[in-house]
Structure formats: structure tokens, C-alpha cells
Number of protein chains: 2
Amino acid sequence: MAESLMETNASCGGPDSRAVAARLAALSHPARIEILKHLSTSSSCCCREVVDRLDLAQSTVSQHLKILVEAGLVRFEPDRQRSRYAIDHAALADVSASVAALVNSCCSGR
Amino acid sequence: MAESLMETNASCGGPDSRAVAARLAALSHPARIEILKHLSTSSSCCCREVVDRLDLAQSTVSQHLKILVEAGLVRFEPDRQRSRYAIDHAALADVSASVAALVNSCCSGR
DNA sequence: ATCGTTCATCGGCGATAGACGATGAACGGG
DNA sequence: CCCGTTCATCGTCTATCGCCGATGAACGAT
């Protein structure tokens, strides 16, 4: 499943590299990692709860949450005036697997 | 070894989140992922070889390599007029482990 | 000594990230 | 009905990213 990446991709970052990079970009911010950790502790989590924990403005936290949702790492469900955010464990596991695969290919390739 | 992260870090991203984020940031660019893949195929790799593969300017590739070196993912060794770059497999494995640990903590914490 | 090659660094430029305050919508409670 | 709470979005600002061309240093070869 990994032998189709050097046909049209020799120039500048194949689709695979691009996809992995995009998901890692969502993870590569301390606040977002902290948000994920906090989401993991409580099953239900609204925006304000995160705001209260990290000392960032509400608008900033909302943006970080949006980035995580758009990356597919966090699921969003409106609940009355609240906004419920929850970790997408499958997606997160998938990211972990992607990184592991990248590292593995770097070791096996040598 | 992981119970010391919520003492002074409740505000904005503990040292751990910061460190993980920094290393992931180095990985979160298609060109750099592609560089890592290329480094894995040949044991010795100079800057020009990478330039020749990705179609980016030499200065751009040099900057990406510098970022990878500063992140500790790639080792640098000057060799005459060349510059030898090689993957630091241990560091890369460590990043993979960090991501796995983060994902794991997000699942176990729930 | 001169030329070609390889490379890091500098300066500049456009685009994006990250943070904030302000605003308005949606909703519940008084 | 009015107020407080929660939240997403907008506009703005600054800092950084990513890219490039140009430059000069280091080195090998002629």
C-alpha cells in the first residue's frame, strides 16, 4: 500500500505527505494539545470549560476548537446554547498510526 | 512520570505539550516529510540531492533541512564542501512514541 | 590562480497563524 | 419580556512561515 507514492510525487510532496502534514499541523500547537488532553478527561466538554482552563480568550479557544474539528480530530455537536466537543478516538488513533508508519518507513527504507 | 503536568500548566500548555508541539511542527510540512522519506532511502544525502528531487530552490531546501536538524530529527555532518544529512532514527521513534502516548492518554483518560 | 560546485545565510515579499476585543445570535431563567 | 450565559464570527494587529534570488564562503579540480 505504500509503493504508489513516487510516481507523480517526486516533485513536491505527494498527496500522502500533504495529508499527513495537514493533520500534524492541527496537532502542532501547545494549546490544541492541551485542549485534547482536557477533552479526554471529561466526556462532555463545552467551549467555556476549555476557556476556563487555559487562559486564552474565548474567541481564541473557539478558533482552536474549530481547527481541531476541521482536522477531524474532534467531533462537534450543538447542545442548546452549549457546544459539545468530544475527541474522535478513531481519528486520533489514525494519526498515531500515520506517524508510526512514516517513522517505520524511514527505518525500513534504510 | 506523567503526573507532574497539571501543577503550573493549567493555564497555557505545559512544557510537555510545548515540546511535543514543537517537534510535530517540524514534521507538519509536506516538503519536510518528503525530505525525511528521501533521507531514509539513501544513507548519505547532501542538500543538492534533495534539491534535485523536490523542485524547490536550494535556499528553501537548506532552510527545511535546518529546521529538521534544529528539531533534532536529522543529524548534520559537514563533509568537505558537501553537507551530509542523515535521519536520527531514535529521535524519530521518540516522536512516534510521544504521539502514541498522547493518543493513548486521550483514550485512557476517558 | 581560476573556475565550477555545493552550501548557508541574508533580505525581501506575500500569505498565514495566532491572539484579541467587539458584536450579534441562540437560548434559559428571572 | 428582559437579562445573563454561551458561543461563533468578524476585523485587526503582530509575528512568523515559506519561498525566492543574490551573495559569499569553502572546497576540488584544472
Side-chain angles (χ1 to χ4, degrees), chain A residues 11-14 17-36 38-39 42-71 73-86, chain B residues 10-14 17-36 38-39 42 44-71 73-86:
Chain A
S11 58
C12 178
S17 298
R18 204 170 277 277
V20 175
R23 291 197 289 183
L24 287 184
L27 270 184
S28 64
H29 194 285
R32 290 196 286 269
I33 290 182
E34 213 61 26
I35 288 176
L36 283 182
H38 181 63
L39 286 186
S42 74
S43 59
S44 70
C45 198
C46 62
C47 180
R48 191 196 159 275
E49 193 173 351
V50 180
V51 171
D52 188 74
R53 195 159 202 275
L54 320 184
D55 60 346
L56 290 173
Q58 177 265 327
S59 55
T60 305
V61 171
S62 189
Q63 281 191 0
H64 282 307
L65 284 168
K66 186 180 183 182
I67 289 173
L68 288 171
V69 169
E70 284 175 346
L73 303 180
V74 165
R75 276 170 304 177
F76 163 75
E77 185 187 6
D79 174 29
R80 303 301 177 181
Q81 78 273 37
R82 302 276 194 81
S83 286
R84 294 291 185 179
Y85 291 96
Chain B
S11 58
C12 178
S17 299
R18 204 168 277 276
V20 174
R23 292 197 289 183
L24 287 184
L27 270 184
S28 64
H29 193 285
R32 292 196 284 270
I33 290 182
E34 214 60 27
I35 289 176
L36 283 182
H38 180 63
L39 286 186
S42 73
S44 70
C45 199
C46 62
C47 179
R48 191 195 159 274
E49 194 174 350
V50 180
V51 171
D52 187 76
R53 196 159 201 276
L54 321 183
D55 60 346
L56 291 173
Q58 178 266 326
S59 55
T60 305
V61 171
S62 188
Q63 282 192 358
H64 281 308
L65 284 168
K66 186 179 182 180
I67 289 173
L68 288 171
V69 169
E70 284 176 343
L73 303 179
V74 166
R75 276 170 303 176
F76 164 73
E77 184 188 6
D79 173 28
R80 303 300 177 181
Q81 78 273 40
R82 302 274 194 81
S83 287
R84 295 290 186 180
Y85 291 96

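Each chain gets a letter, A, B and so on, in the order the sequences are listed, and its residues count up from 1. Bear in mind that the values here come from a model prediction, so they are computed numbers and not experimental data.
Rounded to whole Å, atom P of D/dC7 lies 9 Å from atom CG of A/Leu65. Remark: C1' of D/dC7 and CD of A/Glu49 are 14 Å apart, rounded to the nearest angstrom. If you take CG of A/Leu68 and C1' of D/dA8, they are 16 Å apart, rounded to a whole angstrom. If you measure from atom CD of A/Glu77 to atom C1' of D/dT6, you get 16 Å, rounded to the nearest angstrom. In this structure, A/Asp52 atom CG and D/dC7 atom P are separated by 11 Å, rounded to whole Å. When the P atom of C/dG21 is taken as reference, atom CD of A/Gln58 falls 11 Å away, rounded to whole Å. Rounded to whole Å, the distance from CD on A/Gln81 to P on D/dC7 is 8 Å. Summarising the geometry, the separation between CZ on B/Arg84 and C1' on D/dC27 is reported as 14 Å, rounded to the nearest angstrom.
The two atoms that bring B/Leu54 and B/Ala31 nearest to each other are CD1-O, 3.9 Å, heavy atoms only.
Look at B/Lys66 and you won't find any side-chain N or O under 4.0 angstrom from OP1 or OP2 of C/dC7. OP1 or OP2 of C/dA22 has not a single side-chain nitrogen or oxygen of A/Ser59 nearer than 4.0 Å. Contact annotation: A/His64 side-chain N/O to C/dA17 OP1/OP2 distance is not under 4.0 Å. Considering only side-chain N and O atoms, A/Arg80 lies under 4.0 angstrom from the phosphate OP1 or OP2 of C/dG28.
Minimum atom distance to the side chain of A/Ser62 is reached by D/dA8, of the listed D/dA8, C/dA8, C/dC20. Listed candidates were D/dC27, C/dC7, D/dC7. Nearest to the side chain of B/Arg82 is C/dC7. Distances from the side chain of A/Thr60 to the nucleotides D/dT6, C/dC27, C/dA19 place C/dA19 closest. Candidate nucleotides D/dC7, C/dG28, D/dG28 were compared by shortest atom distance to the side chain of A/Cys47, and D/dC7 ranks first. You'll find that the side chain of B/Ala57 is closest to D/dG21, out of C/dT6, D/dC10, D/dG21. Comparing atom distances between the B/Leu56 side chain and each of C/dA8, C/dG21, D/dC19 picks out D/dC19 as nearest. Each of C/dG18, C/dT9, C/dA8 was ranked by its minimum atom distance to the side chain of B/Tyr85; first place goes to C/dA8. For A/Arg32, the side-chain atoms get nearest to C/dG18 when compared with the rest of D/dT5, C/dT9, C/dG18. For A/His29, taking side-chain heavy atoms from C-beta onward, the closest of the listed nucleotides D/dC7, C/dC7, C/dG18 is C/dG18. The side chain of B/Phe76 sits closest to C/dA8 out of C/dA8, D/dC7, D/dC19.
In this model, no side-chain donor or acceptor of A/Gln63 finds a partner on the base of D/dA8 within 3.5 Å.
Residues A/Leu24 and B/His29 have side chains not in contact (no heavy-atom distance under 4.5 Å, counting atoms from C-beta outward). In this structure the side chain of A/Arg84 never reaches within 4.5 angstrom of the side chain of A/Cys45, judged on heavy atoms. Side-chain contact between A/Cys46 and A/Ser83: absent, with no pair of heavy atoms (C-beta onward) separated by less than 4.5 Å.
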message: Working note: B/Glu34 + B/Val50, criterion side-chain contact (heavy atoms from CB on, under 4.5 Å); need CA distance, chi angles, decisive distance, verdict.
response: CA-CA 9 Å; B/Glu34 214 60 27; B/Val50 180; over 6 Å; no
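The backbone N or O of B/Ala25 sits less than 3.5 Å from a side-chain atom of B/Arg32, completing a donor-acceptor pair.
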